[in-house]
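Please read all numbers here as calculations on a predicted model, not as lab measurements. Because only heavy atoms are used, hydrogens play no part in the values below, and waters and symmetry mates are left out as well, while side chains stay in. Positions are given from 1, in the same order as the sequence printed here.
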Amino acid sequence: MKRFLTAICFMAFALSPLATSAKGEPQSCNIIYIGNSITYGALHKDRIKTAPPVFASAMVGKALGADVTYRNCARSGATTYDFLPEGGRDWEKVAQAMVEVKSKAAAGEPVIFSIMLGTNDSAIDGTTTGSPVSRADYKKNLKTIIAACRAECPNAIFVLHRPIWYSPNTYNGTMYLSAGLKRLGRYIDVLVALDNEFDYVFLGDVDGYAFFEKHYKRYHVPEKGNAGIFYLHPNEAGAKHLAKFWSKAIVKAAKATRE
C-alpha cells in the first residue's frame, strides 16, 4: 500500500512544476515551516536573514533546482498545542500560509511542511501551553495538525525533524532542566511512529540533536538563566548548520515522492 500511495504522490510531483523541465526552466516548490523560537530565529541580530528556514529554503532550492517560496510560521514558546486547528494561538499563521499557497498547490506545485516542535512541550513547569506534554499527547497533537493541513493541502507532504538538544540546566522564564531534556529525547519515538504510519509523513533530521550536544559552545547562544549559563538557541552559524540537516531531509522526502 505504501508503495502504491508513493506512486500516486510521484505522479503529482511528476506533473508539477518541480518535475525536470526539458527547457531547463526554474521549477517551483512551497515550504511551510512550523516551529518554536529555534525555527523563528530567536536572539539573532537579523532573523529575517539568518533564521534556519532562510538557509534551508535556499539549500533545498539549489538541490532540487527549484524556485522555493517559504513561510516561517514559528513563534517563540510555541508547543504542539499552540498549532492545533481548534484553539491553538498559532494555527492562524499556518492557515494563512495555506491560503497563500492554495492556488499554487491547485496548479500542481508541491507543498512541503517542515515541522520541528517539542522543545517547549518538554518543559516541566507548565509555563508553556500544555507542558509537560506526554509522548501520547505529543503524537495526538502532531496527527491533528497534519490532518488539518492535509484537509487544506491534500497533496502536501510533512517532514518531521527531531527537536535539537538543549543544556540540562536550561531554565529561563520556563523550567526545562534535565527532566525536560529526558522527555525531549523520547519524542523521537513518536516521529518514527508517524513516519511508519503515514505515507505522506517523513522522518526528517535526526542528526542535529547530537551535533548541537557536541558543539553547543560554538553553535549556541550562551544565555543567563536561573540555573547558570544555559544553551538553548542556535546562533547564526548554528542556524546554518541546522538548515543543512533540515534541507537534506526535505530534499530526501521530496525525491522519495518521485521514485
Side-chain angles (χ1 to χ4, degrees), residues 1-20 27-35 38-39 52-74 80 83 94 97-98 101 104-105 108-118 139 142-143 145-164 187-209 211 240-259:
M1 176 61 75
K2 185 168 184 177
R3 183 174 297 177
F4 173 71
L5 291 176
T6 299
I8 293 177
C9 290
F10 164 72
M11 290 174 65
F13 269 71
L15 293 173
S16 78
L18 188 59
T20 302
Q27 311 306 309
S28 299
C29 178
N30 303 278
I31 305 176
I32 297 175
Y33 294 90
I34 296 176
I38 294 170
T39 303
V54 180
F55 297 125
S57 299
M59 294 172 187
V60 170
K62 183 177 181 180
L64 294 178
D67 180 11
V68 175
T69 299
Y70 74 92
R71 289 147 183 86
N72 188 349
C73 298
T80 52
F83 285 98
V94 179
M98 290 190 290
V101 303
K104 296 182 178 182
E109 290 188 18
V111 176
I112 302 171
F113 287 83
S114 173
I115 303 175
M116 191 182 81
L117 289 168
K139 182 178 183 181
L142 285 174
K143 288 179 69 173
I145 294 166
I146 290 169
C149 291
R150 282 280 289 187
E152 295 298 321
C153 299
N155 293 320
I157 64 172
F158 300 78
V159 184
L160 309 182
H161 308 292
R162 183 185 187 184
I164 62 172
Y187 287 155
I188 182 62
D189 295 340
V190 172
L191 305 184
V192 171
L194 291 173
D195 171 49
N196 291 328
E197 189 172 345
F198 299 100
D199 295 277
Y200 46 84
V201 175
F202 296 84
L203 181 62
D205 165 55
V206 296
D207 297 323
Y209 185 99
F211 175 84
K240 197 165 187 177
H241 276 281
L242 182 59
K244 290 179 182 178
F245 292 125
W246 286 2
S247 64
K248 182 178 179 180
I250 292 170
V251 168
K252 182 179 180 180
K255 289 183 175 180
T257 62
R258 295 186 289 175
E259 294 178 349

Requested in this report: Using the six-membered ring of Tyr187, assess whether NZ or CZ of Arg162 lies under 6.0 Å from its centre and within 45 degrees of the ring axis.
Outcome: no

Report task. Please round to the nearest 0.5 Å and tell me the distance separating atom CZ of Phe83 and atom SG of Cys73. Result -> 7.0 Å

Requested in this report: Please round to the nearest 0.5 Å and tell me the distance separating atom OH of Tyr200 and atom SG of Cys153.
Outcome: 13.0 Å

Requested in this report: State, with a plain yes or no, whether a side-chain heavy atom of Ile34 is found less than 4.5 Å away from one of Thr39.
Outcome: no

Report task. Walk me through it: do Ile38 and Leu242 pass the test side chain to side chain contact (heavy atoms under 4.5 Å, CB included)? Result -> CA-CA 10 Å; Ile38 294 170; Leu242 182 59; 3.7 Å; yes

Query raised in the report: Does any non-hydrogen side-chain atom of Val54 lie less than 4.5 Å from one of Tyr70?
Result: yes

Query raised in the report: Got a second to check how far Phe55's CZ is from His241's NE2, nearest 0.5 Å?
Result: 10.5 Å

Query - For the student: nearest non-hydrogen atoms of Gly118 and Pro163, plus distance - result: CA-CG, 4.0 Å

**Report entry** Gap separating the SG atom of Cys29 from the CD1 atom of Ile112, nearest 0.5 angstrom
**Finding:** 3.5 Å

Query raised in the report: Is Val101 close to Thr69 at the side-chain level, that is, under 4.5 Å between some pair of heavy atoms?
Result: no

**Report entry** Partner set under salt bridge (charged side-chain N to carboxylate O under 4.0 Å, His left out) for Asp207, not counting sequence neighbours
**Finding:** none

Query raised in the report: Parallel, tilted or perpendicular for His161 and Trp246, by the 30°/60° rule?
Result: parallel

Query raised in the report: Relative to the ring of Phe158, is the ring of Phe113 parallel (under 30°), tilted (30 to 60°) or perpendicular (over 60°)?
Result: parallel

Requested in this report: Please test Leu160 against Phe202 for side chain to side chain contact (heavy atoms under 4.5 Å, CB included), starting from the C-alpha separation and ending with a verdict.
Outcome: CA-CA 6 Å; Leu160 309 182; Phe202 296 84; over 6 Å; no

Query raised in the report: At their closest point, which heavy atom of Pro52 faces which heavy atom of Ala243, and how far apart are they?
Result: O-CB, 3.5 Å

Query raised in the report: Can you list the residues that meet the salt bridge (charged side-chain N to carboxylate O under 4.0 Å, His left out) rule with Lys104, with sequence neighbours excluded?
Result: none

Query raised in the report: With side chains defined as the heavy atoms from C-beta onward, is the minimum distance between Asp199 and Ile157 less than 4.5 Å?
Result: no

Report summary line: Partner of Phe198 under side chain to side chain contact (heavy atoms under 4.5 Å, CB included), picked from Asn196, Asp195, Val201, is Val201

Query raised in the report: For the side chain to side chain contact (heavy atoms under 4.5 Å, CB included) test, which of Leu142, Val159, Ile115, Asp205 pairs with Leu191?
Result: Leu142

Query - Test side chain to side chain contact (heavy atoms under 4.5 Å, CB included) applied to Met59 and Lys240, step by step - result: CA-CA 10 Å; Met59 294 172 187; Lys240 197 165 187 177; 4.1 Å; yes

Report summary line: Distance col, row Arg150:CZ vs Ile145:CD1, nearest 0.5 angstrom, shows 15.5 Å

Query raised in the report: Would you say Arg71 and Met98 make side-chain contact, with heavy atoms under 4.5 Å?
Result: no

Report task. Please name the residue in the list Pro53, Pro110, Ser57 that meets the side chain to side chain contact (heavy atoms under 4.5 Å, CB included) test with Val68. Result -> Ser57

